[in-house]
Novice: 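So that we are looking at the same thing, I have put the structure below in structure tokens.
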Amino acid sequence: MPARKKKTRDPSEDPSGIRRIRAPLLSWYDQHKRDLPWRHTRDPYAIWISEAMLQQTRVETVIPYWNRFLEAFPSVQALAAADIDDVYAVWTGLGYYSRARNLKHAAETVVAEHGGALPDTAEELETLKGIGRYTAGAVASIAFEREAPLVDGNVIRVFARLLGIREDSAAKAVVDRLWDEATTLVVGERPGDLNQALMELGATLCTPRNPSCLICPVREACDAAAVGDAESLPVKKKRTKQTKMRAVAAWLERDGKILVVRRPEEGLMAGLWELPGGEIEAKDEAKECVAGIVHAAVGLEILDAEGIGAVEHLFTHRKLTLEVFRARLAPGGRVRRSGYVAHRWVAPDAALDLAHAGPMRKAMALLGATDERSARAARKRTP
DNA sequence: AATGCGTGGTC
DNA sequence: TGACCAAGCAT
């Protein structure tokens with residue numbers, strides 16, 4: 001008997017009786033599922049891309065990115081052969097940029113080791129970079145009709161309410177229990193639809209706030225609906241607070257071009273382009289730091305620095321205040337990078353064509369440079 | 001087990 | 001406004 005990676009109980013047993021939600025859940029899904037673009041394809045590659053994009057990201061946000069990505073890289077082969085810069089460029093603005101890097105890496109693996117066809121089991125899928133337990137189950141069940149379980153944020157919430165789980169949902173014992181229940185539930189007809197129905201229920205009815213218990217298709221099986229505490233489930237530990245962070249960035253112009261630099265492949269905004277700069281202390285006077293930071297980052301001397309303003313940006317764990325300066329370069333001198341992996345002198349209008357994150361976009365907007373995407377965002381902010 | 005990693009929406 | 005959160009993964 002082959003050793004199992006994750007230990008689960010016998011899925012044919014159903015001590016909690018969760019399998020009784022299968023029929024009403026599937027029936028509800030058939031009537032009420034949203035019309036999403038990736039529900040019109042059977043292409044495992046396209047489904048995989050959708051799952052990668054949907055990680056921690058809303059459906060409405062993903063749709064245009066998914067369309068653009070599939071247009072730019074229509075197959076595993078196309079993605080494997082693509083320039084990583086082009087992949088980043090399509091991903092710009094979507095966040096969690098390691099997903100783009102991992103997709104590209106995994107596509108190369110699929111071409112090199114799997115003959116260009118995505119593996120069709122959860123176990124094999126999980127060996128690919130960026131595919132974890134959830135995504136493996138999603139692709140295996142949705143694209144290949146395998147009876148593979150999945151547990152995501154929606155499933156945690158639905159199960160916690162259904163089964164009346166009132167302990168911390170991140171505790172290992174609870175996580176194991178949830179995967180056991182998902183494993184029990186998925187066995188049978190239409191595993192892909194069953195999994196999607198579970199998530200669809202969490203996304204549209206069994207929502208974090210104001211759940212629609214009154215019209216829920218599985219209300220009769222739900223512990224929290226009976227007790228009346230659905231909205232307080234699942235129980236989660238408080239997230240650690242955001243730490244404050246300050247930085248300066250400098251617009252450095254020479255012969256009509258500005259200097260942009262690329263961040264290293266690890267850490268915050270990995271692999272993305274930005275204006276050269278660096279972190280400063282809370283007590284520092286930003287303007288007094290510009291010359292030192294610029295010299296440390298790119299080895300250039302500046303004559304003076306004019307403050308343009310500050311932009312705020314919230315990351316999951318950090319709150320960044322970025323103070324932006326337009327600095328006058330001393331004549332001569334060549335770039336000596338430190339901490340950055342590449343640099344380029346580009347026309348100001350072309351800077352935002354390079355893959356970048358929110359702070360860069362906001363800084364450029366402050367400096368009067370713009371591109372299609374930021375122009376769209378600006379119109380949205382001030383209609 | 002806990003933390004780092006983006007962004008945009010909601011209340 | 002701040003807090004929370006959305007089809008997670010890697011380390």
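Residue numbers start from 1 in every chain, and the chains themselves are labelled A, B, ... in the order their sequence lines are given, proteins ahead of strands. Everything quoted here is computed from the prediction, not taken from an experiment.
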Novice: Measure CD/A:Glu51 against P/C:dA6 and give the value in whole Å, please.
Specialist: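 Distance, rounded to whole Å: 16 Å.
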Novice: Decide, yes or no, whether a salt bridge links A:Asp168 with A:Lys236 under the criterion of side-chain N to carboxylate O below 4.0 Å.
Specialist: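 Answer for the salt bridge query: no.
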Novice: Contact class for A:Ala138 (heavy atom, under 4.0 Å): base, sugar-phosphate, or nothing?
Specialist: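 A:Ala138: no heavy atom of the nucleic acid under 4.0 Å.
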Novice: As a test of reading the structure: which of B:dG6, C:dT11, C:dA7 is closest to the side chain of A:Lys129, going by heavy atoms?
Specialist: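 Among the listed nucleotides, the one closest to the side chain of A:Lys129 is C:dT11.
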Novice: So does A:Asp14 pair up with A:Arg19, basic N to acidic O under 4.0 Å?
Specialist: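 No, this pair does not count.
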Novice: Using the P atoms only, state how far C:dA7 lies from B:dG4, rounded to an integer number of Å.
Specialist: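 The same atom, P, in both gives a distance of 23 Å.
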Novice: Can you sort out the partners of A:Arg39 under side-chain hydrogen bond (donor to acceptor under 3.5 Å, both in side chains), two or more places apart, ordered by chain and number?
Specialist: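 A:Arg39 satisfies side-chain hydrogen bond (donor to acceptor under 3.5 Å, both in side chains) with A:Tyr29, A:Gln196, A:Glu200 only.
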Novice: Taking only residues two or more places apart in sequence, or in another chain, which ones meet A:Glu145 in a side-chain hydrogen bond (donor to acceptor under 3.5 Å, both in side chains)?
Specialist: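 Expected list: none.
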Novice: Does the side chain of A:Gln55 get closer than 4.0 angstrom to OP1 or OP2 of C:dA7 through an N or O atom?
Specialist: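 Checking C:dA7 against A:Gln55, no side-chain N or O comes under 4.0 Å of OP1 or OP2.
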Novice: Any side-chain hydrogen bond (donor to acceptor under 3.5 Å, both in side chains) pairs touching residues 202-211 of chain A, not counting sequence neighbours?
Specialist: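 Every pair satisfying side-chain hydrogen bond (donor to acceptor under 3.5 Å, both in side chains) with a residue in residues 202-211 of chain A: there are none.
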Novice: Could you state the CH2-P distance from A:Trp48 to C:dC9, rounded to the nearest angstrom?
Specialist: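 For the pair A:Trp48 CH2 and C:dC9 P, the rounded distance is 13 Å.
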Novice: By nearest nucleotide on DNA chain B, pick out whichever of A:Ser98 and A:Ala170 is the more 5' one.
Specialist: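 Closest to the 5' end, via its nearest nucleotide, is A:Ala170.
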Novice: Using the C1' atoms only, state how far B:dA1 lies from C:dA6, rounded to an integer number of Å.
Specialist: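 To the nearest whole Å, 23 Å.
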Novice: Kindly state which residues belonging to residues 140-158 of chain A come within less than 4.0 angstrom of DNA chain B, counting heavy atoms of the residue only, listed by number.
Specialist: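 Under 4.0 Å from DNA chain B: no residue of residues 140-158 of chain A.
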Novice: Could you check whether A:Glu323 pairs with A:Arg246 (Lys NZ or Arg NE/NH1/NH2 to Asp/Glu carboxylate O, under 4.0 Å)?
Specialist: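 The answer is yes: the pair qualifies as a salt bridge.
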Novice: To the nearest Å, how far apart are A:Asn102 CG and C:dA10 C1'?
Specialist: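 These atoms are roughly 8 Å apart.
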Novice: From C-beta outward on A:Phe315, which listed nucleotide comes closest to its side chain: B:dT7, C:dA7, C:dG8?
Specialist: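 From the listed options, B:dT7 comes nearest.
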Novice: Can you tell me which nucleotide in B:dG6, B:dT7, C:dA7 comes closest to the side chain of A:Pro359?
Specialist: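 When the side chain of A:Pro359 is considered, B:dT7 is the closest of B:dG6, B:dT7, C:dA7.
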Novice: Applying side-chain hydrogen bond (donor to acceptor under 3.5 Å, both in side chains), can you list everything that pairs with A:Glu113, at least two apart in sequence or on another chain?
Specialist: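 Testing A:Glu113 for side-chain hydrogen bond (donor to acceptor under 3.5 Å, both in side chains), a comparison that skips the adjacent residues, returns none.
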Novice: Taking the side chain of A:Arg58 as heavy atoms from C-beta outward, which of C:dA7, C:dA10, B:dG8 is closest to it?
Specialist: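 Given the options C:dA7, C:dA10, B:dG8, the side chain of A:Arg58 is closest to B:dG8.
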Novice: Report yes if a side-chain nitrogen or oxygen of A:His313 is closer than 4.0 Å to either non-bridging phosphate oxygen (OP1 or OP2) of B:dG6; otherwise report no.
Specialist: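 False: A:His313 side-chain N/O out of range (4.0 Å or more) of B:dG6 OP1/OP2.
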Novice: Using a 4.0 Å heavy-atom cut-off across all strands, classify A:Met53 as base, sugar-phosphate, or nothing.
Specialist: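 Since no nucleic acid heavy atom lies under 4.0 Å of A:Met53, the category is nothing.
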Novice: Would you mind reading off the distance between A:Leu103 atom CG and C:dC9 atom C1', rounded to a whole angstrom?
Specialist: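 Answer to the nearest Å: 12 Å.
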Novice: Compare side-chain N and O positions of A:Tyr97 against OP1 and OP2 of B:dT7 and report whether any pair is under 4.0 Å apart.
Specialist: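 Yes, such a contact exists.
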Novice: Taking any heavy-atom pair under 4.0 Å as a contact, classify A:Gly202: base, sugar-phosphate, or nothing.
Specialist: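 It contacts nothing in the nucleic acid.
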Novice: Give A:Thr135 one of three labels, base, sugar-phosphate or nothing, depending on what nucleic acid heavy atoms sit under 4.0 Å from its own.
Specialist: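 Sugar-phosphate contact only - A:Thr135 comes under 4.0 Å of backbone atoms but never of a base.
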Novice: Using the P atom as the reference point in each nucleotide, state the distance between C:dT11 and B:dG6 in Å, no decimals.
Specialist: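 To the nearest whole Å, 14 Å.
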Novice: What integer distance in Å separates A:Leu198:CG from C:dA6:C1'?
Specialist: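 Value for this atom pair: 16 Å.
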Novice: Would you please confirm or rule out a distance under 4.0 Å between OP1 or OP2 of C:dA7 and any side-chain N or O of A:Thr57?
Specialist: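 For A:Thr57, the contact criterion (side-chain N or O under 4.0 Å from OP1 or OP2 of C:dA7) is not met.
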Novice: A:Arg263 side chain N/O closer than 4.0 Å to the phosphate oxygens (OP1, OP2) of B:dG6?
Specialist: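 For B:dG6, neither OP1 nor OP2 has a side-chain N or O of A:Arg263 closer than 4.0 Å.
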Novice: Do any side-chain atoms of residues 280-291 of chain A form donor-acceptor pairs under 3.5 angstrom with protein atoms, and if so which ones, sequence neighbours left out?
Specialist:
residue	atom	partner	partner atom	Å
A:Asp284	OD2	A:Glu281	N	2.8
A:Lys287	NZ	A:Ala305	O	2.8

Novice: Output the single nucleotide from C:dA7, C:dA6, B:dA1 whose closest atom is nearest the side chain of A:Lys172.
Specialist: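 Of C:dA7, C:dA6, B:dA1, B:dA1 is nearest to the side chain of A:Lys172.
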Novice: Kindly say if A:Arg209 contacts the phosphate of C:dC5, meaning a side-chain N or O under 4.0 Å from OP1 or OP2.
Specialist: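 Answer is no, no contact under 4.0 Å.
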Novice: Name the residue closer to the 5' end of DNA chain C, choosing between A:Ile131 and A:Arg34 according to the nucleotide with the nearest heavy atom.
Specialist: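 Going by which nucleotide is closer to the 5' end, it is A:Arg34.
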Novice: Looking at A:Asp152 and A:Arg157, is there a salt bridge between them, counting it only when a charged N and a carboxylate O are closer than 4.0 Å?
Specialist: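 Judged by the 4.0 Å cut-off on N to carboxylate O distance, A:Arg157 and A:Asp152 do not form a salt bridge.
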Novice: Quick one: on DNA chain B, does A:Ala270 or A:Asn210 contact a more 5' nucleotide (nearest heavy atom)?
Specialist: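 Going by which nucleotide is closer to the 5' end, it is A:Ala270.
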Novice: What about A:Thr61: does its side chain form a donor-acceptor pair under 3.5 Å with the base of B:dG9?
Specialist: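 Not at all, since no donor on one side and acceptor on the other fall under 3.5 Å apart.
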Novice: A:Met360 has an atom CE; how far is it from atom P of B:dG6, in whole Å?
Specialist: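 Going from A:Met360 (CE) to B:dG6 (P), I get 16 Å.
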